Protein chains: 2
Amino acid sequence: MSTPDRGPRVRLVDVARAAGVSKTTVSDALNGAGRLPAATREHVQKVARSLGYRPNATARLLRAGHTRLLGVAAREYVETPWVYPELAYFAQIVTATTRAALAHGYGVVLLPTYGPDDCWLDMPLDGVFVIDPVQADPMVRDFLAAGVPVVADRRALAEAADQARDIGRWVDFDYAAAVRQVLGHLEEAGAERVAVVAGATTACFHQQTTRAYLQWCAERRREPRIAYLPAPGVQPALDAVTELLAAPAPPDALLTLVELSPPLLLDTIRRLGRSVPDDLLLVCATEDPAARYTDPPISTLGFLPGQTAQAAVDLLVDCLEGRAGDAGRLFSADFQARASSAPPARRAARPPRLTRG
Amino acid sequence: MSTPDRGPRVRLVDVARAAGVSKTTVSDALNGAGRLPAATREHVQKVARSLGYRPNATARLLRAGHTRLLGVAAREYVETPWVYPELAYFAQIVTATTRAALAHGYGVVLLPTYGPDDCWLDMPLDGVFVIDPVQADPMVRDFLAAGVPVVADRRALAEAADQARDIGRWVDFDYAAAVRQVLGHLEEAGAERVAVVAGATTACFHQQTTRAYLQWCAERRREPRIAYLPAPGVQPALDAVTELLAAPAPPDALLTLVELSPPLLLDTIRRLGRSVPDDLLLVCATEDPAARYTDPPISTLGFLPGQTAQAAVDLLVDCLEGRAGDAGRLFSADFQARASSAPPARRAARPPRLTRG
DNA sequence: TATTCGTGAAGGAACGTTCCTGCACAAGAC
DNA sequence: GTCTTGTGCAGGAACGTTCCTTCACGAATA
C-alpha cells in the first residue's frame, strides 16, 4: 500500500492507464457493470486501490443528473438567525430529516435562514423541506421558480402560486386543532382563566396558534391573556410568565407555546408562590423529554417532529423519483395529559358545579 | 413573465439560442465577465429571466473543481445513531458550524454517524469537520484517504497516520484540564467525596474526562465514585444520580458529564432529600442556558461549541483555499462557578480547617 | 468454409457549465 | 492605403464521470 501522493487527484483515466485498459473497463469494473471476466475486474480494482483512486462525486452527479442532496430549512425565527437548532423541536426535525433522507440514499444540507438573497440557489439540491415557512416565503418561491421540488405547508405553496403546480408537496399541521384540544382539556379540568405565552413571529406555528387561542377566547367572551415573545430566550420567557401570574385575577392555567425548559418553568412558578396543579394548571408545547420526569409530570403538546420529517422526506423523494405518491399529509399534535393539568383534588372536594351535568 | 414550462430544464444553450447569441456571451452576461456592451448584457439577462433560466449547480461545481460544501459529523454516540442533535451541545456545534461556513460561502451537510460503510464518500464535499471522533475513526480515515481535508482532534489525525500529513488540521480540547479545574474548585469549596456521572462511549470527550477524574482520585488516594451511562436518556441519568446519592457515605459533590437538564437534576436531588449547595455541591457539564436561572443557579462547564466550530471551519477553509493558517487550535473549557458549588455558609461557620492557611 | 453468436473491451458522446483562444471588424496612427 | 489596437463575440476544450455504440475475435452452427 503506497502512500497516495498529494497534488492532482488520481482520476479514472489514471487508473485506466496504470491498468492498461480503457476508461470504460475501469468504470464497469468498479461499478459492477458491463460484461467483464472476474480476472479483469479484480485486476482493475487492485490497481485502483493501490493508486488510492476515489471517484469524483461532482462528476458522477453531473452525469447522473441528480445530487441526492436535500435541503432543510427551519424558518421560524428567520428574523433572529441561527437560533433554531438550539431548540429541541428543530433539533429533532433536523435529526429525523437526516435519518429519513439517509434511508432513501440522500444527504441533508442545512440551509441558512438568512444571508445574501438567493445564496441557497447555488447549492446543488434535488429538493427542499421548508419547516414553518414565513409569510410569502422567498425561499419557497425561489426554489419552486428554479424548478426544485419543495415540501412546505399548503399556505406557503399556495402563495408561490403557479410555480408550485406539480413540484410542491405539502405537510400541514393543524395547529389550531391542537391548541383547541389543550384549551378544551384545561376547561374540563376547571380552568377559567387560561393564559398563553406565544411567539411573535410570522411563522406559521406562531400565527396559527395565537389566532386559535384568540378565537377560542372570543367564542367564550373571555378576555385573552397572552404574552408575546418577539425572540426566543430564557429570561424573556420567564419574565413573561412572571408578569402573567402577577396580574390582578391571575390565570388559573398556563399554556406555553415557546420553547422553554419545563422543569425550569415549574420551578419558576413555584418560586412565584403558585403550586402546580393546585393553583395553576400547566401545559407546555415542547419536545423536551424532561417534562415527563418532573414532580408533578408536566402535560405536553408535542408536534411529532420525527413523523413530520419522515413524511416530508418521503413526499419529496416520491416527487423526485417520479412516483405518484400523495399530494400532502396532514398531522395533528401529540397531547400528553399529565398531572400538571389534572383537575386539582381541592376542586373535587367542592360542591359540584351546576353548569355541568 | 410567462410560466416556465415543466419538462427538461432550460439550459444555457437554450438561452443562447433564444437570445441569438453564443453560450459564451450568455455566460459572460450573467456572470458579469467578458467584454460586453451594456445593451447585450441586459438583453441576455432579460431573455434568461423570461425563460426562467437557472444555472445548473452541479455543472458549475464540476467546472469550478470544488463544491463549497462542508460535512459535519458528530460521532459521540456513534453506537446509538442520531440522537446527537437533540443534545444542546451538538445542536450548538451544528448551528455555529453552519453559520461560520456560510460566512465563508460554504454550505453544510449533516453526515450520518452510521450507515453503509463509505456512504459518506459519495457526497460531494470539500472538507469535513468531525466532532469528538471515536477511536480509530473510520470516517476520519476514509476522508483523509480520499484526499478530503478533515478537521478533528490530534489523536484522530494521528491515528489516520500518513494520510493526514498536510490535509488534516486539529481542534483539540483539553478535557482533562477542564475536569481538573472543576474538581479543584469543588475541593476548595470543601468537597471531599466528589461523584461523577459519565458517558461510556469511545468518544474522546467521555474517555478523557473519565480518565482525568480517575487520575485525580488516584493522586488523592480517594475512591472514585463514578456512574457510567452507556447511552443517553433522561431516566438512566436520573437513576444513576439516585444510586450515587443513595450510597453509604454519600458524595458531597456531584459533577455530571452527560447531557441532562440542569433544573430537572436539581429538582431530582431535592426530591432525594438533599439540598444544593448545603448538602451537595453541583456542577453540570452542559450548554443549557436554563442552568443560570435555577435557584440556586447551577455552576456549568461549557465546551464553547460556538468558538470550536468557528475555529474548525476557519481551519478547514484556510486549508481548502490554500492559505497557510495554523495547524490547529487548542481550546479550554468555560467554567462558570455559580451558587450551586459555592462553599455552604454552614461550613464557613465551622472552625477553620487546619490543613489550609 | 461461410455465417451467426457471444464475449471482452475500446471509442467517444453526453451531462451543463466556464474560460481560453481567436476571428472579424472598426477606429485610429502612420 | 497598410498596420496596429481594441472591441464584440463565437468556437471549442476542459472538468471527470457514465453509458451507448461499435468492433475484434474465437467458438459454435449451418
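Quick note on labels: first sequence line is chain A, next is B, and so on, each numbered from 1. No experiment lies behind these values; they were computed from the predicted model shown.
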Which nucleotide wins on minimum distance to the side chain of Thr25(A), given the candidates dA10(C), dG16(C), dG22(C)?
dA10(C)
Under 4.0 Å, heavy atoms only, any strand: does Thr40(A) hit a base, just the sugar-phosphate, or nothing?
sugar-phosphate
Whole-Å distance separating the CG atom of Leu61(A) from the C1' atom of dT17(D):
10 Å
Which nucleotide in dG11(D), dG8(C), dG16(D) has an atom nearest any side-chain atom of Thr24(B):
dG11(D)
Along DNA chain D (nearest heavy atom to each residue), the more 5'-positioned of Gly20(B) and Ser27(A):
Gly20(B)
Leu12(B) has an atom CG; how far is it from atom P of dC19(C), in whole Å?
12 Å
For the side chain of Leu36(B), starting at C-beta, report the closest nucleotide among dA10(C), dT17(D), dC9(D).
dC9(D)
So, is Tyr53(A) near the phosphate of dG16(D), with a side-chain N or O under 4.0 Å from OP1 or OP2?
no
Among dG12(C), dG16(C), dG8(D), find the nucleotide with the atom closest to the side chain of Lys23(A).
dG12(C)
So, Glu159(B) and Arg155(B), do they make that salt bridge, N to O below 4.0 Å?
yes
Mind checking if Asn31(B) touches a base, just sugar-phosphate, or nothing, with heavy atoms under 4.0 Å?
sugar-phosphate
Can you measure Arg11(A) atom CZ to dA14(D) atom P for me and round it to whole angstrom units?
11 Å
Is a side-chain donor or acceptor of Asn31(A) paired with a backbone partner of Ala33(A) at a separation under 3.5 angstrom?
no
Which whole-number value in Å describes the distance from His43(A) NE2 to dG8(C) P?
16 Å
Indicate, with a heavy-atom threshold strictly under 4.0 Å, whether Val13(B) touches base, sugar-phosphate, or nothing.
nothing
Modelled atom types, side-chain donor and acceptor of Ser22(B) and Thr25(B), under 3.5 Å
yes
Report the distance from atom CZ of Arg17(A) to atom P of dA9(C), rounded to the nearest whole Å.
19 Å
In whole angstroms, the gap separating P of dC19(C) from CG of Asp28(B) amounts to 9 Å
Compare side-chain N and O positions of Arg35(A) against OP1 and OP2 of dT7(C) and report whether any pair is under 4.0 Å apart.
no
So, for Asp122(B) and Ala57(A), which heavy atoms are closest and what is the spacing to 0.1 Å?
O-CB, 3.6 Å
In whole angstroms, the gap separating C1' of dG16(C) from CG of Asn56(B) amounts to 6 Å
On DNA chain C, nearest-nucleotide positions of Ala33(B) versus Leu62(B): which is more 5'?
Leu62(B)
To the nearest angstrom, the CG-P distance between Leu30(A) and dA9(C) comes to 14 Å
Salt-bridge present (Asp28(B), Arg35(B); N to O < 4.0 Å)
no
Measure from the side-chain heavy atoms of Arg60(A) and tell me the nearest of dT17(D), dG16(C), dA10(C).
dT17(D)
